[in-house]
Amino acid sequence: MALFTPAAVAVNTTEGLAVEAGFFARHIKALAVLRSLAVSGLLALLTVIVIELITRSSIAQTWIYFTNLEQPAWTTTGVFFLLYLAIDALIGRQHKAVLLVSPLVMLMGVISQQKQVFLTDPLYPTDLLFGRQIMELMPVLVQDRPWTAVGLALAVLASVVGLISLWVFAWRRFRPLTRKERLTRLAVALPLLAGFVSIMDYNEFSWVRDRLKVFPIMWDQAENYRHNGFTMAFAINLPMANVQAPSGYMIDAIDKIPSKPMPVGTTHRSKPDVIVVMSESLWDPTRLETVKLSADPMPVIRENQSGGVFSPEFGGLTANVEFEALTGFSNAFLPTGSIPYQQYVRKPIPSLATFFRAEGYTARAIHPFSGWFWNRSSVYKAFGFQTFKDVDKMPPLAKRGNFTSDEALTKEIIRQADMQEDPFFFFTVTLQGHGPYDDGRYAKTDIDVESKLDARDTRMLASYAQGVKEADSSLKMLMDWAKERDRETIIVVFGDHLPPLNTVYQNSGYMQGITASRKGTPEQMQKEHETPLVIWSNKTGVEKDVGTISPAFLSYFILKEAGFEHPYYTGFLGAVHDKLRVIDRYMLIDAKGNGTAGWARKKTIDPLVRDFRFLQHDIMFGKQYGLERFFNSHAELMAAGF
């Protein structure tokens, strides 16, 4: 019974309390760590919420962003959480990272929101290269919305005061992290952040990125920012921001580039009309050697083919091919993955449009889709086109499947051309050839496919071949119309890139994969990147033996065919073309078909390529030292207020 004496009970109670106290003592640090992590997670969530509220200016849209599991709101929150952990570990004190990161990102969000108000587009990484342009928004804001400007000024002042107060509070109250905590956070956060960065190249498909609901939507930046959110969309665009001047770029380097005076006017009896048609996904499907088509889908193109265009893209990114064709510049000199139409065309840039305008032509762009797509409305204006006829500025046109038919678009080109009194330059981008090539696009196809392909691939190829056939028929219509005209009419047609036929390429043995290779032999590269090119005149017929050329050389052939000379388009580009036919990011191909792979990483670069790069950088990003010498007509238009 002694075991139950008051003294014994007291001893047992004391021992129990000691054990319990020991338990809490052992776990109090773990509980503190969990609480710290929970607070960091909450701060990350609040950061993303505030940023999205600022950039979307809508509580409803922000709510949808977080509740729609097909959007990467929680992925973004996770990235901020890891970033906060890593920075806190580097600083050595918990929750200090949010005071460094969130004000900066929120400021960028405010700038993006204001930029959308005045300039439609959100903030791109490349905008940071043009800080002066961003600052130019401020006078406009003050003049147009003075109370908003006052509000912003007060908000900035309050933010600065609040941030200083928070820093003082944090320094006094946020506990330091132990060495073990710092190392653990870095060991967890840094590898995960590095892994996330490694999957953000939108040129490559990533299964993990796809599962995280991060979808690069490069052809429509508004949708890119809406779906992915400001932070993630901005990060997706980061690879394009780093446009550095090539080594050796300076005024002396530009002055040393040779040029010669060019005669004014044209060698033709009159100024010819020029119609350039970039045909969506136009390619020759008879190149699939293991496939037999019941009829040639492109007899007119084949009979009048001048050569081929070596597309820098495959299955998409039409705007990059268009950029080369209109400017005579090359994507090879721009950051990998960049899209000039979206990132770099922020001011007037010389193009075929400005050249023809200076010669007294009407310069018009035509495309039967919305002007916001690929930012064409702004780009065409910067290129000097007087008008852009998009789907909203043309009469309703008949469709084939979901897209405007080539036949209807060709009739519209003819209608607009017949209304012109002055010579004209039309640049047209078709739409019918756009993928996907599903069964239901055409009720009936005229070309049968005989092959060992499965049923799905066969139907896809038959649908695509039907589109090529109708593009070919539309070219015949345009040529027949031109043959009846008295004024010389030059027609140029080319494909922007190979079609996205998916498994057809692989299953037919045409390619090893479902997309074209970026690197390989010259023969392989031409096989996987070459599209048809037609240069034809109603007076002189077909321009033969052009060979395979980069889109940047199209301006050279167009002006030569029209009888014009120009310091850059026929002079400088002509000299480059005499030596090189293809200038690609990964390979140069010379006039004899020999390839130079990895040219950009070599210690010495061909002087012509070096000068090409200097001149392009000078006009697009530099001081435009060579503008008056190489693009005199553009300089004159600029001086006249174009």
Side-chain angles (χ1 to χ4, degrees), residues 245-246 249-267 271 274 276 321-334 340 344-345 347-361 363 379 382-385 425 427 490 492 535 546 549-583 605-640 642:
Y249 167 72
M250 60 183 70
I251 188 170
D252 289 344
I254 300 299
D255 288 343
K256 289 179 181 177
I257 299 175
S259 65
K260 57 182 180 180
M262 295 292 175
V264 178
T266 173
T267 58
K271 292 181 178 180
V274 179
V276 178
V321 186
E322 191 175 324
F323 165 78
E324 290 200 18
L326 284 171
T327 62
F329 293 151
S330 176
N331 288 282
F333 306 136
L334 298 174
Y344 306 134
V345 182
K347 62 182 180 181
I349 291 179
S351 74
L352 285 176
T354 53
F355 168 80
F356 280 112
R357 278 187 65 180
E359 294 293 332
Y361 279 64
V379 170
F383 281 177
F385 283 100
F425 166 63
F427 180 80
I490 295 170
V492 178
I535 302 175
V546 171
I549 60 172
S550 284
F553 292 119
L554 284 170
S555 53
Y556 165 72
F557 281 98
I558 290 170
L559 264 60
K560 292 294 287 184
E561 182 69 20
F564 289 103
E565 298 289 340
H566 184 268
Y568 179 78
Y569 295 119
T570 61
F572 179 77
L573 280 185
V576 177
H577 175 266
D578 288 342
K579 187 172 184 180
L580 298 169
R581 296 294 189 267
V582 172
I583 299 179
I605 297 178
D606 186 296
L608 272 176
V609 178
R610 178 203 62 202
D611 290 347
F612 195 171
R613 189 175 187 177
F614 281 163
L615 198 48
Q616 177 172 319
H617 183 88
D618 180 58
I619 300 301
M620 291 188 66
F621 308 107
K623 301 293 186 179
Q624 297 191 334
Y625 299 126
L627 185 66
E628 291 189 5
R629 192 156 59 96
F630 287 96
F631 299 96
N632 54 330
S633 57
H634 179 87
E636 290 170 0
L637 284 174
M638 290 290 294
F642 138 73

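We're numbering straight along the sequence, starting at 1. Any value given below was found using the heavy atoms of this structure, including those in side chains, with hydrogens, waters and symmetry copies removed. Worth saying up front: this structure is predicted, and the values here are computed from it rather than measured.
- Between L580 and L608, every side-chain heavy-atom pair lies at or beyond the 4.5 Å cut-off.
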Applying side chain to side chain contact (heavy atoms under 4.5 Å, CB included), run through F553 and V546 and close with a yes or a no. CA-CA 10 Å; F553 292 119; V546 171; over 6 Å; no

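- Of the possible polar contacts, one joining the Y569 side chain to the S351 backbone as a donor-acceptor pair under 3.5 Å is found.
- At distances below 3.5 Å, at least one donor-acceptor pair connects side-chain atoms of R357 with backbone N or O atoms of G384.
- Here H617 contributes atom NE2 and K623 contributes atom NZ; the two are 10.0 Å apart, rounded to the nearest 0.5 Å.
- In this structure, the side chain of Q616 engages the main chain of S330 through a donor-acceptor pair within 3.5 Å.
- The shortest non-hydrogen separation linking K560 to E565 is NZ-OE2, 3.4 Å.
- In terms of heavy-atom proximity, G622 sits nearest to Y249 at CA-OH, 3.5 Å.
- The aromatic ring centres of F564 and F355 sit less than 6.0 Å apart.
- At a threshold of 4.5 Å between non-hydrogen side-chain atoms, the residues F385 and L326 count as touching.
- The shortest distance between side-chain heavy atoms of I251 and D255 falls below 4.5 Å.
- We find the CG-CZ distance between D611 and R613 to be 12.5 Å, quoted to the nearest 0.5 Å.
- Taking the six-membered ring for Trp and thresholds of 30 and 60 degrees, F329 and Y568 have ring planes more than 60 degrees apart, a perpendicular arrangement.
- Atom OG1 of T354 is separated from atom CD1 of I349 by 10.0 Å, given to the nearest 0.5 angstrom.
- Between the side chain of K271 and the backbone N or O of E359, at least one donor-acceptor pair lies under 3.5 Å.
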Is there a side chain to side chain contact (heavy atoms under 4.5 Å, CB included) between F427 and E322? Walk through the geometry before answering. CA-CA 10 Å; F427 180 80; E322 191 175 324; 3.6 Å; yes

Start with the C-alpha gap between I583 and F333, add the side-chain angles, then the distance that decides, and say whether side chain to side chain contact (heavy atoms under 4.5 Å, CB included) holds. CA-CA 9 Å; I583 299 179; F333 306 136; 4.1 Å; yes

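- The shortest side-chain heavy-atom distance between N331 and F323 falls under the 4.5 Å cut-off.
- Within the 4.5 Å cutoff, no side-chain heavy atoms of I619 are placed close to those of F630.
- Inter-residue side-chain proximity for I549 and H577 is flagged as met; some heavy-atom pair is nearer than 4.5 Å.
- Across A363 and A353, no two heavy atoms sit closer than the pair CB-O, 3.9 Å.
- With contacts defined as side-chain heavy-atom distances shorter than 4.5 Å, the pair P350/L627 qualifies.
- Minimum interatomic distance between T327 and F383 (heavy atoms only, all atoms of both residues): CG2-CZ, 3.5 Å.
- One N or O on the side chain of D618 and one on the backbone of Y625 form a donor-acceptor pair closer than 3.5 Å.
- Between F621 and L334, the closest side-chain pair of non-hydrogen atoms falls below 4.5 Å.
- Of all heavy-atom pairs between A562 and I490, the closest is CA-CD1, 3.5 Å.
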Yes or no on side chain to side chain contact (heavy atoms under 4.5 Å, CB included) for V274 and L352, after CA distance, side-chain angles and deciding distance? CA-CA 11 Å; V274 179; L352 285 176; over 6 Å; no

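- Considering all non-hydrogen atoms of both residues, I257 and R629 come closest at O-NH1, 2.8 Å.
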